[in-house]
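All remarks here apply to the structure that follows.
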Amino acid sequence: MKTRSLGPTDLNVSVTGFGAMHLSLAGRPDERDALAVIHRVLDLGVTLIDTADSYCTGPDDMHHNERLVAKALGTYDGDASDVTVATKGGLTRPGGRWHRDSDPERLRRTIRESYEALGGERPIALWQHHAPDPDVPLREALGPAQAAVEDGMIRHVGLSNYSVEQIEEARAVVDVVSVQNQYSPWHRRPEESGVLDYCEEHGLAFLPYSPLGGRSRANDLGDYEVLAEMAEAKNISPQRLVLAWLMARSPAVVPIP
């Protein structure tokens, strides 16, 4: 598989990553099947896996997805030494809901827990602040990440669900290498808001999540007549067509289906 540089870092990753979230939510597959999915992803040449501390079913299940990814890498028969794992912190799951919580003390704790869940032997390659918290100033929210970089638990820091103004504010606190926002043919906000242009201009990686329009749409792209016709003309699937469109939008783009 072709590769792209992850923003200004020395990391080269596959041109598409893999979002592991749905392997840990309610209705998730059993562990054997989940591990088989990740192993198949690695067989196909994917070297960027996206996870988060909050990819789980609730408060008592935090870090499930990180532990699953770590176990998959540890049990893989091939060479996984070049795989970059990107995780996130800043959301909690009270009652199974998604809740923004960037309390600095909690973030300090969850960063260490993510470090340990992912093996605890080398720095987290990419830790991303999952979303700005309206109740916590960005300078305070990102302080734990900067401290973790200095302590050797985090190698690089990214942002998720950020606006251009928030990205600029964050970069005054910590060295930012990537931004992960929702982006697909059905969700063009990064173009309209200027986030995609900003990432390209400043050399940051842009990692679209839900690039195929979300789980409910991804399997049904052939139902869109224009997509189906264009894909047939190229002799590829509509899903591959959409991913190719995203990657053609900017060299900064590394989608995470």
Side-chain angles (χ1 to χ4, degrees), residues 1-7 9-57 61-89 110-128 152-156 158 160 177-178 180 205 207-212 215 218-219 235-237 239-244 246-247 253-257:
M1 186 178 290
K2 295 179 181 178
T3 62
R4 284 187 171 179
S5 61
L6 189 68
T9 76
D10 60 356
L11 297 172
N12 285 313
V13 297
S14 51
V15 289
T16 63
F18 172 69
M21 178 178 71
H22 293 297
L23 299 178
S24 292
L25 302 186
R28 63 198 183 201
D30 64 38
E31 185 176 276
R32 183 179 64 179
D33 288 343
L35 293 173
V37 169
I38 299 174
H39 289 165
R40 177 59 176 155
V41 166
L42 298 174
D43 287 342
L44 292 171
V46 172
T47 60
L48 174 64
I49 298 179
D50 181 76
T51 180
D53 61 355
S54 57
Y55 290 169
C56 61
T57 58
D61 195 40
M62 292 289 284
H63 303 282
H64 178 277
N65 200 245
E66 293 171 325
R67 290 192 294 269
L68 179 69
V69 169
K71 186 170 184 177
L73 294 176
T75 57
Y76 183 54
D77 288 337
D79 181 11
S81 61
D82 62 343
V83 174
T84 294
V85 177
T87 192
K88 296 182 280 300
T110 198
I111 287 172
R112 177 166 289 281
E113 290 170 351
S114 290
Y115 171 76
E116 294 170 352
L118 291 170
E121 296 180 355
R122 55 182 181 177
I124 297 170
L126 177 63
W127 183 90
Q128 303 155 99
M153 281 191 293
I154 292 174
R155 187 175 177 192
H156 299 294
S160 186
V177 304
S178 64
Q180 181 179 153
L207 312 175
Y209 70 83
S210 296
L212 300 177
R215 182 168 55 168
N219 287 332
N235 196 30
I236 59 174
S237 68
Q239 289 81 6
R240 287 186 66 187
L241 181 71
V242 170
L243 293 177
L246 285 164
M247 288 184 283
V253 168
V254 179
I256 322 171

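We number each residue from 1, following the sequence as shown.
The shortest side-chain heavy-atom distance between Leu25 and Asn65 does not fall under the 4.5 Å cut-off. Taking the side chain as every heavy atom from C-beta outward, Leu243 and Leu212 approach each other to under 4.5 Å. Between Leu42 and Leu73 the shortest side-chain heavy-atom distance falls below 4.5 Å. Using a 4.5 Å heavy-atom cutoff, the side chains of Val85 and Leu126 are not in contact. The shortest distance between side-chain heavy atoms of Val254 and Val15 does not fall below 4.5 Å. You'll find the side chain of Ser5 stays beyond 4.5 Å of the side chain of Leu11, heavy atoms only. Side-chain contact between Thr87 and Tyr55 is absent, with no heavy atoms from C-beta onward closer than 4.5 Å. Within the 4.5 Å cutoff, the side chain of Val242 has no heavy atoms near those of the Pro211 side chain.
Contact record, Gly19 with Ile256: N-CG2, 3.4 Å, taken as the closest heavy-atom pair. Summarising the geometry of Leu68 relative to Ser24, their closest heavy-atom pair is CD2-OG, 4.2 Å, with the distance given to 0.1 Å. Heavy atoms only, all atoms of each residue included: Pro29 and Ala34 are closest at CG-CB, 4.1 Å. When all heavy atoms of Pro257 and Thr16 are compared, the pair lying nearest together is CD-CB, 4.4 Å. Of all heavy-atom pairs spanning Pro255 and Pro208, the tightest one is CA-CD, 3.5 Å.
For the atom pair CZ (Arg4) and OG (Ser14), the distance works out to 11.0 Å, reported to the nearest 0.5 Å. Atom CG of Leu48 and atom CG of Leu6 lie 7.0 Å apart (nearest 0.5 Å). With values rounded to the nearest 0.5 angstrom, Leu246 atom CG is found 12.0 Å from Leu207 atom CG. Residue Met21 holds its CE atom at 6.5 Å from OG of Ser210, rounded to the nearest 0.5 Å. Here the OG atom belonging to Ser178 is positioned 11.0 Å from the CH2 atom belonging to Trp127, to the nearest 0.5 angstrom. Within the model, atoms CD1 of Ile124 and OH of Tyr115 stand 8.5 Å from one another, a figure rounded to the nearest 0.5 Å.
Under the rule for a side chain to side chain contact (heavy atoms under 4.5 Å, CB included), the partners of Leu241 that lie at least two apart in sequence or sit in another chain are Leu227, Met230, Ala231, Ile236. In this structure, the side chain to side chain contact (heavy atoms under 4.5 Å, CB included) partners of Asp61, at least two apart in sequence or on a different chain, are Arg28, Cys56, Thr57, His64. For Glu113, the side chain to side chain contact (heavy atoms under 4.5 Å, CB included) partners are His63, Arg109, Thr110, not counting sequence neighbours. Legend: residues meeting side chain to side chain contact (heavy atoms under 4.5 Å, CB included) with Ala72, ordered by chain and number and at least two apart, are Leu35, Ile38, His39. By the side chain to side chain donor-acceptor pair (under 3.5 Å) test, Asp10 pairs with Arg155, sequence neighbours left out.
Between the side chains of Asp50 and Gln180, at least one donor-acceptor pair of N or O atoms lies under 3.5 Å. Using a 3.5 Å distance cut-off with no hydrogens or angles, the side chains of Thr51 and Glu66 do not pair a donor with an acceptor. A donor atom on one side chain and an acceptor atom on the other are not found under 3.5 Å apart for Ser160 and Gln128.
Evaluation of the salt bridge (Lys or Arg N to Asp or Glu O under 4.0 Å) test over residues 29-42, restricted to residues two or more places apart or in two chains, returns Glu31-Lys71.
Between Phe18 and the choices Thr47, Val83, Val37, the side chain to side chain contact (heavy atoms under 4.5 Å, CB included) rule is met once, by Val37.
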Before giving the answer on side-chain contact (heavy atoms from CB on, under 4.5 Å), spell out for Thr84 and Ile49 the whole-Å C-alpha distance, their side-chain angles and the decisive distance to 0.1 Å.
-> CA-CA 6 Å; Thr84 294; Ile49 298 179; over 6 Å; no
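Side chain of Arg215 to main chain of His22: no donor-acceptor pair is present (N/O by atom type, distance under 3.5 Å, no hydrogens or angles).
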